[in-house]
Amino acid sequence: MEDNKIRVRFAPSPTGYLHIGGARTALFNWLYARHYKGTFVLRIEDTDQVRSTEKAVNVILEGMKWLGLDWDEGPGKGGEYGPYYQMKRLHIYQEYTEKLLKDEKAYCCYCTREELANSREKQVRENKSLKYDKHCLNLSEEEKKRYETEGRKPVIRLKIPAKKIVFNDLLRGEVTFDGELLSDFVIMKSGGIPTYNYAVVIDDALMKITDVMRGDDHISNTPKQIVIYEALGLDVPKFAHIPMIMGQDHSRLSKRHGATSVMEYKKVGYMPEAVVNYIAHLGWSPGDEREIFTKEELIKEFSLDKISKHAAVFSMEKLNWFNSEYLKNMSIDSLTKTLLPFLKEANYIENEESLSPAKIEYIKEVLKLMQGRIKNFSQFIDYADYFFMDKINIESQAFDSVLNKEGVVGILQALKKKLSTLKCWNEESIENAVREVASSLQIKGGQIIHPTRVALSGKKVGPGLFELMVVLSQNKTVKRLKEAIEKIEDAKKISN
RNA sequence: GGCGCAAUCGAAUAGUGGUUAAUUCAGCUGGCUCUCAAUCAGCAAACGGGGGUUCAAUUCCCCCUUGCGCCA
């Protein structure tokens, strides 16, 4: 029973951040492992010494944790098949390489960059597929020695058998490649560093990975990896190549399509559950109409046969929709808790810990007005700024088109007078007061409401005016009406 | 250049050898309303092209096209 347990892995290169595509691959593997009660391994592929950094490892781990994708073996966790960093496994690759050399399944190649380029150029000219010319396949010991004394450092190449290489993709069925067209590719670079395809095979085999689920950009790498498995006499795992995620223009998802880093979404104020829910739908569907899924439901429903085969396009609008759905359904308490760091960041509050109960209550009231109007917390910071600023910033377009108009000063003055003496500050009495002012001036409600909204918030759009006033308080309402009146009069003076 | 993978409304996906080809996001119209959002009602919108197989193809097969990827 133990032997049948599914083992999958996510193996990122720590060369940047955890991007959306990587996160989706991680998610699918995680869901697959959790669904079948298998093991989810995290392995760091850090053999690109130039681009790999410790910081990038941490950023990726952080991203995984934020999304709630916990791993059973890997960095910080250990496990019986470690180490889980490729650079700590160099001796293992070396060991297998010596075996391949001894078995004459691989050979040293001393060709220089120039020699390879020349050969390649010739192949291009002859319209042939690009392939190593096997110049070093049968070097004698003397020739090898001569190259070494010249100071050449060899790379190790694998001999590719000239036969069909077939594998059964769990998603796509039988995929066939012609080994004849494959080059004797490099498995070990001259510095003793394994190439991607080589390290990945040894690691997957030694870590007893049963199912390799990865982006379909790896389909063409698979035959090479199978050749390595066979040369090493290792069991070939099952493969499932999932579709890639593209930008709106159907090119590879990149920064110009918007945020591609998962942590960027945290920063802008998305809920990890919403991001997970959305990316789960990129290339996968439950087979019916449901859209909103908890992680537990995703685990329950996830299966390979519901993964589509064609590339998916990332849509910010749809993500926004998912996120606002989550925000709408959150309790005010947890919403408040999540919002606090953003308020701090925007300097709307001093300190998250030392907030007075009254202030927390105030934040909750503001949140109630904004919940359902925002797609993320950055938008809250933007839309609700006037609740947290002493001097508000009146948008110039709103000022010109709504406030700086004939008759507005008189309206605001009348309203100010009425509100400043209002005894009872609740939605109902405020509405009554506003309507009374309107009817005494013989104008429609809207003619008083719109300028007042701009005077109080600096914006033309926002929550219902009366509830806004209740939260803002009588003092501030009156004060801002006064300030708006002054501002309009100043503008009139200047233009005259 | 060689090889591989893919192809349903603008996007994500359902679905089927015979259907009015469905749902969600986005878009548009209208209701509600002080604006926006939310919400409700409605509209518009797709089987890439060509050959087969078949009584019947969006669905199965082949070719083309397009997109994406791998190889340097």
Side-chain angles (χ1 to χ4, degrees), chain A residues 113 116-121 123-132 165 167 169 171-183 185-186 196-197 214-225 241-253 278-292 306-325 327-328 369-375 379 383 398 401-402 430-431 434-435 438 443-454 457 459-469:
Chain A
R113 207 174 279 275
L116 292 172
N118 287 340
S119 155
R120 210 176 301 131
E121 213 174 282
Q123 289 167 3
V124 169
R125 248 183 287 128
E126 289 167 5
N127 268 357
K128 294 227 183 93
S129 70
L130 304 178
K131 202 174 149 179
Y132 177 58
I165 302 158
F167 68 95
D169 190 284
L171 260 54
R172 292 155 208 279
E174 204 170 86
V175 181
T176 309
F177 287 87
D178 189 352
E180 200 108 37
L181 298 170
L182 246 42
S183 183
F185 60 89
V186 177
Y196 163 76
N197 282 312
R214 59 193 359 175
D216 66 17
D217 48 338
H218 286 294
I219 291 179
S220 309
N221 283 326
T222 307
K224 297 182 209 167
Q225 295 176 10
H241 289 98
I242 62 180
M244 311 248 298
I245 300 174
M246 323 288 283
Q248 290 92 321
D249 58 356
H250 291 85
S251 69
R252 200 171 194 154
L253 195 61
Y278 173 58
I279 62 178
H281 281 279
L282 251 20
W284 175 86
S285 87
D288 57 34
E289 249 92 82
R290 289 169 299 159
E291 302 257 26
I292 304 290
K306 292 183 200 135
I307 296 177
S308 63
K309 296 202 239 334
H310 60 273
V313 174
F314 184 85
S315 159
M316 197 61 147
E317 279 84 26
K318 190 91 190 212
L319 206 214
N320 281 339
W321 177 77
F322 271 105
N323 202 54
S324 49
E325 285 297 305
L327 295 182
K328 267 187 275 179
L369 298 183
M370 290 299 169
Q371 190 180 24
R373 292 191 148 76
I374 52 166
K375 303 199 183 316
Q379 215 171 42
Y383 286 7
S401 67
V402 180
I430 293 171
E431 173 154 14
V434 172
R435 303 271 180 217
I443 55 176
K444 282 188 285 187
Q447 283 176 275
I448 191 165
I449 287 167
H450 295 304
T452 304
R453 173 177 289 106
V454 175
S457 71
K459 302 177 201 309
K460 286 165 82 169
V461 300
L465 185 67
F466 312 125
E467 49 180 358
L468 185 158
M469 283 180 171

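Lettering of chains follows the sequences in order, A, B, ..., and the numbering in each one begins at 1.
In this structure, the CZ atom of A:Arg435 is 6 Å from the P atom of B:rC34, given to the nearest Å. The separation between A:Asn320 atom CG and B:rA11 atom C1' is 14 Å, rounded to whole Å. Between A:His310 atom NE2 and B:rA11 atom P the separation is 10 Å, expressed in whole Å. Summarising the geometry, the separation between NE2 on A:His241 and C1' on B:rC5 is reported as 10 Å, rounded to the nearest angstrom. In this structure, A:Glu289 places its CD atom 10 Å from C1' of B:rG15, rounding to the nearest Å. Separating the CG atom of A:Asp288 from the C1' atom of B:rA14 is a distance of 9 Å, rounded to the nearest angstrom. To the nearest angstrom, C1' of B:rA38 lies 14 Å from CE of A:Met370. Following rounding to the nearest Å, A:His250 (NE2) and B:rG10 (P) show an atom-to-atom distance of 11 Å.
Residue-level contact check: A:Gly372 touches the backbone only, with heavy atoms under 4.0 Å from sugar-phosphate atoms and none from bases. Nucleic acid contact class of A:Lys309 (heavy atoms, under 4.0 Å, all strands): sugar-phosphate only. Note on A:Val434: nothing from the nucleic acid sits closer than 4.0 angstrom, heavy atoms only. When heavy atoms are screened at a 4.0 angstrom cut-off, A:Leu465 is found touching base atoms of the nucleic acid. Heavy atoms of A:Met246 sit under 4.0 angstrom from primed sugar atoms or phosphate atoms, though from no base atom. Within 4.0 Å (heavy atoms only), A:Gly445 reaches no atom of the nucleic acid at all. Among the protein residues, A:Gly283 comes within range of the sugar-phosphate backbone only, with heavy atoms under 4.0 Å from sugar or phosphate atoms but none that close to a base. Across all strands shown, A:Pro243 has no heavy atoms under 4.0 Å from either base or sugar-phosphate atoms. Within the 4.0 angstrom heavy-atom criterion, no nucleotide atom of any strand lies near A:Lys375. Within the 4.0 angstrom heavy-atom criterion, no nucleotide atom of any strand lies near A:Lys444.
Rounded to whole Å, the separation between the P atoms of B:rC60 and B:rA14 comes to 14 Å. Spacing of C1' atoms, B:rC34 relative to B:rC47, comes out at 46 Å, to the nearest Å. Between the P atoms of B:rA38 and B:rU29, the separation comes to 15 Å (whole Å). For B:rU58 and B:rU19, the P atoms lie 10 Å apart once the distance is rounded to whole Å.
Here the nucleotide nearest the side chain of A:Leu282, chosen from B:rG2, B:rU35, B:rA12, is B:rA12. With B:rC71, B:rC34, B:rG69 as the candidates, the nucleotide lying closest to the side chain of A:Phe466 is B:rC34. Taking only side-chain atoms of A:Glu317, from C-beta outward, the nucleotide of B:rA11, B:rA26, B:rC70 with the closest atom is B:rA26. Considering only side-chain atoms of A:Ser285, the nucleotide from B:rU13, B:rC34, B:rC5 that sits closest is B:rU13. Each of B:rG4, B:rU39, B:rC36 was ranked by its minimum atom distance to the side chain of A:Glu325; first place goes to B:rU39. Of the listed nucleotides (B:rU24, B:rA11, B:rG4), B:rA11 has the atom at the smallest distance from the side chain of A:Val313. Of all nucleotides listed (B:rC70, B:rG69, B:rC5), B:rC5 comes nearest to the side chain of A:Arg172. Relative to the side chain of A:His450, the nucleotides B:rC70, B:rC34, B:rG4 differ in distance, and B:rC34 lies closest. Side-chain atoms of A:Ile219 lie closest to B:rG4 of the nucleotides B:rG4, B:rU24, B:rC34. Of the candidate nucleotides B:rG4, B:rA11, B:rG69, B:rA11 has the atom nearest to the side chain of A:Ser315.
By the neighbour-count criterion of 12 heavy atoms within 6.0 Å, atom NZ of A:Lys306 is densely surrounded, having more than that number from other residues, nucleotides or ligands. The environment of A:Phe167 atom CZ is dense: over 12 non-hydrogen atoms of other residues, nucleotides or ligands sit within 6.0 angstrom. Within a 6.0 Å sphere centred on CZ of A:Arg290, other residues, nucleotides and ligands contribute more than 12 heavy atoms.
By the 4.5 Å heavy-atom criterion applied to side chains, A:Leu282 and A:Ser315 are not counted as neighbours. Between A:Lys318 and A:Glu291, the closest side-chain pair of non-hydrogen atoms falls below 4.5 Å.
Shown here, B:rU23 forms a base pair with B:rA12; the pair counts as Watson-Crick or G-U wobble because both key distances fall under 3.5 Å. With both pairing distances under 3.5 Å, B:rU54 is matched to nothing as a Watson-Crick or G-U wobble pair. When Watson-Crick and G-U wobble pairs are counted only if both distances are under 3.5 Å, B:rU39 pairs with B:rG31. Both distances falling under 3.5 Å, in either a Watson-Crick or a G-U wobble arrangement, place B:rG1 opposite B:rC71. In this structure B:rA7 sits in a base pair with B:rU65, meeting the Watson-Crick or G-U test at under 3.5 Å. Under the Watson-Crick or G-U wobble criterion, with both distances below 3.5 Å, B:rC47 has no partner in any strand shown.
For the pair A:Arg252 and B:rC70, the criterion of a side-chain N or O lying under 4.0 Å from OP1 or OP2 is met. For B:rC71, the OP1/OP2 oxygens have no side-chain nitrogen or oxygen of A:Ser183 closer than 4.0 Å. Remark: A:Lys328 is not in phosphate contact with B:rA37, judged by side-chain N or O atoms under 4.0 Å from OP1 or OP2.
Looking at A:Arg373, its side chain comes within 3.5 Å of the base of B:rC36 through a donor and an acceptor atom. Under 3.5 Å, the side chain of A:Lys318 and the base of B:rU24 form at least one donor-acceptor pair of N or O atoms.
In terms of heavy-atom proximity, A:Phe314 sits nearest to A:Leu253 at CB-CD1, 4.0 Å. Taking both residues in full, the closest heavy atoms of A:Gln248 and A:Val313 are given as CA-CG1, 3.6 Å, listed atom of the first, atom of the second, then distance.
Under the 3.5 Å distance criterion, the side-chain polar atoms of A:His241 are left unmatched by any main-chain donor or acceptor of A:Asp169.
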Test side-chain contact (heavy atoms from CB on, under 4.5 Å) applied to A:Ile219 and A:Phe177, step by step: CA-CA 10 Å; A:Ile219 291 179; A:Phe177 287 87; 3.9 Å; yes

